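Accompanying notes for the structure given below.
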Amino acid sequence: MGCTSQDSGAGAGPAKPRTIKAVPGCDGASWTDPADLSADRSPARCSTGAPAPRPLAETRKLTIATGTLSAEYVAPLQVAVEKGEFKKEGLDVTLKVLPTPDALPLLAKGDIDAQWAAPEAAVINGVNGGFDIKWVAGNFSPDPKSKSGLWVRLKDGERASHVPMAGRKLGTMIGKGSVIAYPMNTSLKKHGGGLDKIQFQQLGSADVLTALRNGGVDSAWLLDPVWRKVDGDARYAFLGGQPAGEPLGGMLFGPNLLKDDVDAGVALLRAYIRTINTYFADDYKKDPAFTAMLARLLKTDRAVLESTPSLRMDWEIRSATTDRLQSAYRAAGVSEGAALPESRLVNRSLYAEAVGHRP
């Protein structure tokens with residue numbers, strides 16, 4: 001069945017008809033409603049080993065930039081390389097560590113093919129400035145048991161249910177232009193704050209918890225597994241984190257895979273999706289051997305890896321996530337230009353094709 005590319009939007013070039021075929025092992029559960037933001041929603045899944053490889057006629061060398069190779073959310077890419085899932089598609093993939101600001105212009109010019117990042121303020125500002133970049137696949141949402149997020153040191157008489165946040169100082173290693181601005185703003189607003197009503201203090205990863213404990217800041221955004229250090233301590237309260245069921249990052253494509261070689265772009269996402277379905281379909285940390293392999297690939301201590309719940313790996317992108325992100329960036333004062341419609345920032349058609357979903 002011939003279908004035009006979904007979410008083509010401005011900046012992606014003219015849409016070309018592509019044939020969408022049913023994919024064995026990817027039934028109705030391989031596509032979910034993007035508008036469903038339920039915290040307990042089940043992520044899309046195909047059978048183990050699906051979608052099956054469809055190797056390109058000629059091997060294609062691809063470079064994917066990533067800010068780190070040690071974070072757990074990068075694990076599917078590491079495992080796809082380790083297990084040969086990219087090679088099965090005829091792809092020779094190199095993972096290259098590059099900070100987002102350095103990688104963005106390279107992606108837009110076609111000097112690299114993809115970026116494992118998020119639609120941060122810098123990305124959206126770049127698209128506003130003419131970069132041909134789109135968010136084409138999600139990465140993960142947190143386990144409901146995770147308490148990675150906004151923590152506050154309680155003052156006398158305060159309870160976790162109501163902590164006045166306006167005017168307080170917040171320590172974070174993540175700047176206002178990060179996607180975390182969205183859940184951070186949501187949590188702050190529930191307690192009379194907001195990104196425009198607090199003082200930010202950007203700190204190194206090793207300093208955030210120390211500053212919270214010694215009074216250098218009143219609150220802090222604590223990542224895995226740092227929040228474990230204060231969990232259960234009555235002097236601190238968890239106010240909220242990334243929304244359960246809503247990925248805030250993943251794969252970004254530039255013109256190479258959006259227009260010049262869409263077959264390679266679909267193949268890359270097919271390998272990524274197959275890796276999730278085969279190795280990360282549920283609670284992957286239940287398998288000691290697999291967890292040991294992850295610890296080796298991520299160059300982290302296995303005990304540290306096992307101290308936090310498994311991530312919910314999820315290749316899909318929710319509706320209007322980029323709208324909510326842009327709203328937070330405007331509140332933080334880091335957005336440039338007019339707000340962009342989702343069609344300028346998101347393209348779901350490539351992962352739809354990979355699982356055989358017809359619009």
Side-chain angles (χ1 to χ4, degrees), residues 61-88 91-103 106 112-118 120 137-143 145-149 172-175 178-180 202-210 221-229 231 241-242 247-252 268 271-272 274-276 278-315:
K61 291 187 176 183
L62 299 180
T63 299
I64 304 174
T66 175
T68 178
L69 287 173
S70 61
E72 190 173 338
Y73 65 84
V74 187
L77 299 187
Q78 296 270 53
V79 171
V81 171
E82 175 82 1
K83 296 293 186 180
E85 297 298 344
F86 291 130
K87 286 186 177 179
K88 293 174 185 176
L91 300 175
D92 180 1
V93 170
T94 298
L95 303 180
K96 185 173 184 177
V97 176
L98 279 175
T100 294
D102 295 340
L106 299 178
I112 59 174
D113 304 287
Q115 187 171 350
W116 190 247
E120 298 177 350
N139 53 6
F140 75 94
S141 61
D143 185 281
K145 297 187 292 293
S146 174
K147 293 182 182 178
S148 173
T172 175
M173 61 175 288
I174 301 167
S178 164
V179 291
I180 298 303
Q202 197 157 351
L203 300 165
S205 59
D207 303 322
V208 175
L209 179 61
T210 300
W221 192 269
L222 302 180
L223 303 175
D224 288 334
V226 179
W227 59 268
R228 289 287 197 187
K229 302 287 187 180
D231 190 27
Q242 177 179 331
L248 299 182
M251 195 77 78
L252 307 177
L268 178 59
Y272 166 54
R274 182 169 61 253
T275 301
I276 291 179
T278 305
Y279 304 100
F280 297 92
D282 44 33
D283 185 1
Y284 50 88
K285 293 183 184 179
K286 285 183 177 178
D287 183 342
F290 185 70
T291 306
M293 183 189 74
L294 282 188
R296 173 176 59 81
L297 292 176
L298 301 176
K299 295 181 172 60
T300 191
D301 184 85
R302 179 175 168 181
V304 171
L305 191 63
E306 292 176 332
S307 70
T308 55
S310 295
L311 302 177
R312 289 187 169 182
M313 301 303 184
D314 188 344
W315 65 79

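All values derive from a computational prediction rather than experimental measurement. These numbers come from the heavy atoms of this one structure, side chains and all, not from hydrogens, waters or symmetry mates.
Annotation for K87: atom NZ does not count as buried by contact number, only 12 or fewer foreign heavy atoms lying within 6.0 Å.
In this structure, the separation between CD1 on I276 and CG on N139 is 8.5 Å, given to the nearest 0.5 Å. Atom CZ of R296 sits about 12.5 Å away from atom CZ of R302, to the nearest 0.5 Å. Taking OG1 of T63 as the reference point, atom CG of D92 lies at 8.5 Å (rounded to 0.5 Å). We find the CD-OH distance between Q78 and Y73 to be 11.5 Å, quoted to the nearest 0.5 Å. In this structure, CG on D314 lies 11.0 Å from CG on L311, to the nearest 0.5 angstrom. Separating the CG atom in L69 from the OG1 atom in T300 is a distance of 13.0 Å, to the nearest 0.5 Å.
The salt bridge (charged side-chain N to carboxylate O under 4.0 Å, His left out) check on D143 picks up K145, with sequence neighbours excluded. Under the side-chain hydrogen bond (donor to acceptor under 3.5 Å, both in side chains) criterion, K88 pairs with E85, sequence neighbours left out. Partners of D113 under the side-chain hydrogen bond (donor to acceptor under 3.5 Å, both in side chains) rule, at least two apart in sequence or in another chain, are N256.
Across every non-hydrogen atom of P225 and S307, the tightest pair is CB-OG, 3.5 Å. Of all heavy-atom pairs between G241 and W221, the closest is CA-CH2, 3.9 Å. A pairwise comparison of heavy atoms in D301 and A295 identifies C-CB, 4.5 Å as the closest pair. The nearest pair of heavy atoms linking Y284 to M313 is OH-CE, 3.6 Å. The shortest non-hydrogen separation linking F86 to A271 is CD2-CB, 3.5 Å. Scanning both residues, E72 and P309, for their nearest heavy atoms gives OE2-O, 4.4 Å.
I64 is listed as a side-chain neighbour of M251, based on a closest heavy-atom distance under 4.5 Å. With a 4.5 Å cut-off on side-chain heavy atoms, M293 and D287 do not count as touching. For the pair F140/P76, no side-chain contact is recorded, criterion being any heavy-atom separation below 4.5 Å from C-beta on.
A side-chain donor from one of T68 and S70 sits under 3.5 Å from a side-chain acceptor of the other.
Aromatic pair F290/F280: centroids less than 6.0 angstrom apart.
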Exercise. Begin from the C-alpha positions of V226 and V208 and carry the test side chain to side chain contact (heavy atoms under 4.5 Å, CB included) through to its verdict.
Key: CA-CA 9 Å; V226 179; V208 175; over 6 Å; no
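A donor-acceptor contact shorter than 3.5 Å links the side chain of K285 to the backbone of T308.
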